[in-house]
Colleague: 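Have a look at this one.
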4 protein chains.
Amino acid sequence: MMRVDKVEKRKKILEGALLVFAEKGYHKTKMVDVAHKVGIGKATIYEYFRNKEELFFSLIELLETRLLHFIEDAARSTEDVESRLKRVINSLFEVYIRWENAFRVLLMFWAELLRKGETRPIQEKLKDFYANLMRLIETIYKDGLKKRKFKEVMPPEQFARSVIAMADGLTFQWILSNKSFDLIDSGRKCAEFIVNSVTA
Amino acid sequence: MMRVDKVEKRKKILEGALLVFAEKGYHKTKMVDVAHKVGIGKATIYEYFRNKEELFFSLIELLETRLLHFIEDAARSTEDVESRLKRVINSLFEVYIRWENAFRVLLMFWAELLRKGETRPIQEKLKDFYANLMRLIETIYKDGLKKRKFKEVMPPEQFARSVIAMADGLTFQWILSNKSFDLIDSGRKCAEFIVNSVTA
Amino acid sequence: MMRVDKVEKRKKILEGALLVFAEKGYHKTKMVDVAHKVGIGKATIYEYFRNKEELFFSLIELLETRLLHFIEDAARSTEDVESRLKRVINSLFEVYIRWENAFRVLLMFWAELLRKGETRPIQEKLKDFYANLMRLIETIYKDGLKKRKFKEVMPPEQFARSVIAMADGLTFQWILSNKSFDLIDSGRKCAEFIVNSVTA
Amino acid sequence: MMRVDKVEKRKKILEGALLVFAEKGYHKTKMVDVAHKVGIGKATIYEYFRNKEELFFSLIELLETRLLHFIEDAARSTEDVESRLKRVINSLFEVYIRWENAFRVLLMFWAELLRKGETRPIQEKLKDFYANLMRLIETIYKDGLKKRKFKEVMPPEQFARSVIAMADGLTFQWILSNKSFDLIDSGRKCAEFIVNSVTA
DNA sequence: TATGAATGAGCATTCATTCAT
DNA sequence: GATGAATGAATGCTCATTCAT
């Protein structure tokens, strides 16, 4: 009983932290802001997270997991490879739209990681995230190649990386431009273009 | 009277700021760090920039201008459209490699801008930057379409956006992964893939 | 939950601030000095006052109120007008002697207000303070006139202003001269002189 | 020739300093403000004054001398004692009105001196100033007593002190109240009241 | 367990003063 | 002699974290 409470409250804190971090960014977010958003006392956060960094990192982990699950679900379809590829690419955009705040926070975090020479365990999580994403797309692409549905326009790893890059990049522009274009539509067109270009 | 080339010194400070910001990020960069890197007293920075934010924004402006010039130069070639498109796409990668620190700092800054609802004059500069980049690529694509060298796989605007997205996204992954793959090569392959896919 | 009497602590801080401001003046007083005098950490002051200026202004308000109450009490006596006038004038001196630090701080503050063109809400408080003081003395003088105890040597407002001026001026000299004369005695003689001069 | 220049420039600096100090107060006055007001370079001030404090103290000395001379001139008249006393008292007000900025600056300075335990050579100057002022009025009062024109309502020293106190106090109120009453008129009435009250 | 109170480490910024020319 | 450039010492304020209850 107690245990459930703990887990539940932890989630609630992370949920609040997501909102505040997305709005203010890491450095401008005060612990008291998060506490206030959740409706608890400042010190209570420290019962669940060692410090601000751990709170943030826990949130990152949660978001990465959540996003990955969403995309993996899309890949689990039983259709033909073309459709599956299209569906996965589309899911890359959908996931960012659906959890826009998550994207904001993740991108912020990734940008922070760009600091020269920064190396931390949390970076490994990020690499895992990307590795999983790539494996997903690589697998589909290789599958298509084996089935002679796709032609090998570039090595599978490269292909996967490019697809992800395009999704990241487009979403990035979309948010930076204050959503001044239709990301879903752009994404769909991208997906089609890519799939067409690799279809044998 | 001490004769000092104000413009030159300003540049020196920005150069030092670039190094420190790239290494530590905006918030962890102390004015005294920058001063030390440049080899001056910290108060001297305030003779050239009103405050830390203005120093940072001035740096952003400088970097955006510098990057844009580099890419514009690549587009000024007189070759056929396919080559010009390839060259421009390649320059997108080269510019980031050549001025890696610039990319780090710019991305950090852009990520900061993701904060919900943030609107500042400096954002306009960023939009200008992207607008210029897109115009460049759109122009080449449209030119190719007119000359029947390219087929219209998607609207020119969309095409330009996608190309930039891919460059941004790949470079992003490249830095995040500690340069674990060959960005120039990946870029070249991307460029070829794209150009091939649109060539009539 | 720590139970703290917020009001009491606020008072303690103001008490400490009074001592330090009286000793060092506004500008040379550091927040850490005040904190140290009170025996708390400097950040704690900011729990009770927004900033240094607000701390100072709050102190000014407190002192003005305190002084006014003391003088009003003196005026509440039920004796004849001559005695009441004498008593109030004497209280003007007594109050400054009793709360010498308050006088130091208030005068410092008033002197600051002399800066050309300075206009702030806090100035209104000062005007209220003087207005109350003047009303007190005017009332007694008018009362004496009505009862034919006093003759009208000058308009009541002018009279009140002059009495206050003399008290301020004498106390000022007293402190500046390092208390080299007996202010109480001087004040008493002044009071007698004034009362005699206006007595019919 | 050089010498005259030096003295003249020194005066110009003090004149500028008076304006700036009167407007901003000691602490908010920056050396560069003074330099700018005078129309010279910052460093030039240091050719004439060791530092900011010496500049300020020199100004104080100048003002005290200037004010004292004005009042002494008023006292040099050859009329009867009543008129002379009246004239001197009036001059106390006039001098402050005529050199309002001087009064602002002097009062600021005096208020600063109130800081507990402050003892400096400059304080002696101030004591001299007041001592001279008091001697002036005492002399007239004693003269009047000797000539049986005045009655001894209080000891001459006390009388002098009270007269000065009233002038200081009234002028103080006048400036604090944004000159909301006619100081010259109030002063004249005060002078008359005092002279009447002591006239035998 | 929950929390408001307390706080010191940390940092941007100002400005009197010095110095090189 | 005159001065603009350079700067370090000084300080108000913030905020993550701890602590007492």
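Here is the naming used below: chain letters follow the sequence lines, and residue numbers restart at 1 for every chain. As the structure is a prediction and not an experimental result, all values here were calculated from the model.
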Colleague: Look at D/R104 together with D/E100 and state whether they make a salt bridge at an N to O cut-off of under 4.0 Å.
Modeller: yes
Colleague: Can you measure D/M31 atom CE to F/dA5 atom P for me and round it to whole angstrom units?
Modeller: 18 Å
Colleague: Would you give me the side-chain donor-acceptor pairs under 3.5 Å for residues 59-67 of chain B, sequence neighbours excluded?
Modeller:
unit_1	atom_1	unit_2	atom_2	d
B/E61	OE1	B/K125	NZ	3.4
B/T65	OG1	B/E61	O	2.7

Colleague: Compute the centroid of each ring, for A/Y26 and then for A/F109, and state whether the two points are separated by less than 6.0 Å.
Modeller: no
Colleague: Expressed in angstrom and rounded to an integer, what is the separation of D/D33 atom CG from E/dT14 atom P?
Modeller: 13 Å
Colleague: Searching all strands shown, indicate the nucleotide that pairs with E/dT14 (Watson-Crick or G-U wobble; both distances under 3.5 Å).
Modeller: F/dA9
Colleague: Return whichever of A/G39 or D/K30 has its heavy-atom-nearest nucleotide of DNA chain E closer to the 5' end.
Modeller: A/G39
Colleague: Round to the nearest Å and state the distance from B/D5 atom CG to F/dA5 atom P.
Modeller: 12 Å
Colleague: Name the closest nucleotide to the B/Y46 side chain, picking from E/dT13, F/dT7, E/dA2.
Modeller: E/dT13
Colleague: Counting only non-hydrogen atoms, which of residues 48-57 of chain B are less than 4.0 Å from DNA chain F?
Modeller: B/Y48
Colleague: Assign each of B/G41 and C/Y26 to its nearest nucleotide of DNA chain F by heavy atoms, then name whichever residue's nucleotide is nearer the 5' end.
Modeller: B/G41
Colleague: With a cut-off of 6.0 Å (strictly less than), are more than 12 heavy atoms of other residues, nucleotides or ligands near NE2 of D/H36?
Modeller: no
Colleague: So, applying side-chain contact (heavy atoms from CB on, under 4.5 Å) with A/E54, which one of A/F49, A/Y46, A/Y48 is it?
Modeller: A/F49
Colleague: When the distance from NE2 of B/H27 to P of E/dG10 is rounded to whole Å, what number comes out?
Modeller: 18 Å
Colleague: Rounded to whole angstroms, how far apart are CD1 on C/I13 and P on E/dA5?
Modeller: 12 Å
Colleague: Could you please name the option among F/dC13, F/dA9, E/dT1 that lies closest to any side-chain atom of C/K42?
Modeller: F/dC13
Colleague: Return the pairing partner of E/dT21 with a 3.5 Å limit on both distances, Watson-Crick or G-U wobble; otherwise return none.
Modeller: F/dA2
Colleague: If you count the non-hydrogen atoms of other residues, nucleotides and ligands that lie under 6.0 Å from NZ in C/K127, is the total more than 12?
Modeller: yes
Colleague: Which whole-number value in Å describes the distance from A/K28 NZ to E/dA12 C1'?
Modeller: 14 Å
Colleague: Within the structure shown, what part of the strands sits under 4.0 Å from B/K9 by heavy-atom distance: base, sugar-phosphate, or nothing?
Modeller: sugar-phosphate
Colleague: Which of the following nucleotides, E/dT13, F/dG1, E/dT3, is nearest to the side chain of D/K6?
Modeller: F/dG1
Colleague: Ignoring the backbone of D/E47, work out which of F/dT3, E/dT7, E/dT13 is nearest its side chain.
Modeller: F/dT3
Colleague: Tell me which of B/V32 and C/I45 sits closer to the 5' end of DNA chain E, going by the nucleotide each one is nearest to.
Modeller: C/I45
Colleague: Can you give each donor-acceptor pair under 3.5 Å made by side-chain atoms of residues 28-35 of chain C, sequence neighbours left out, with the distance rounded to 0.1 Å?
Modeller:
unit_1	atom_1	unit_2	atom_2	d
C/T29	OG1	C/G25	O	2.6
C/D33	OD2	C/K30	N	3.0

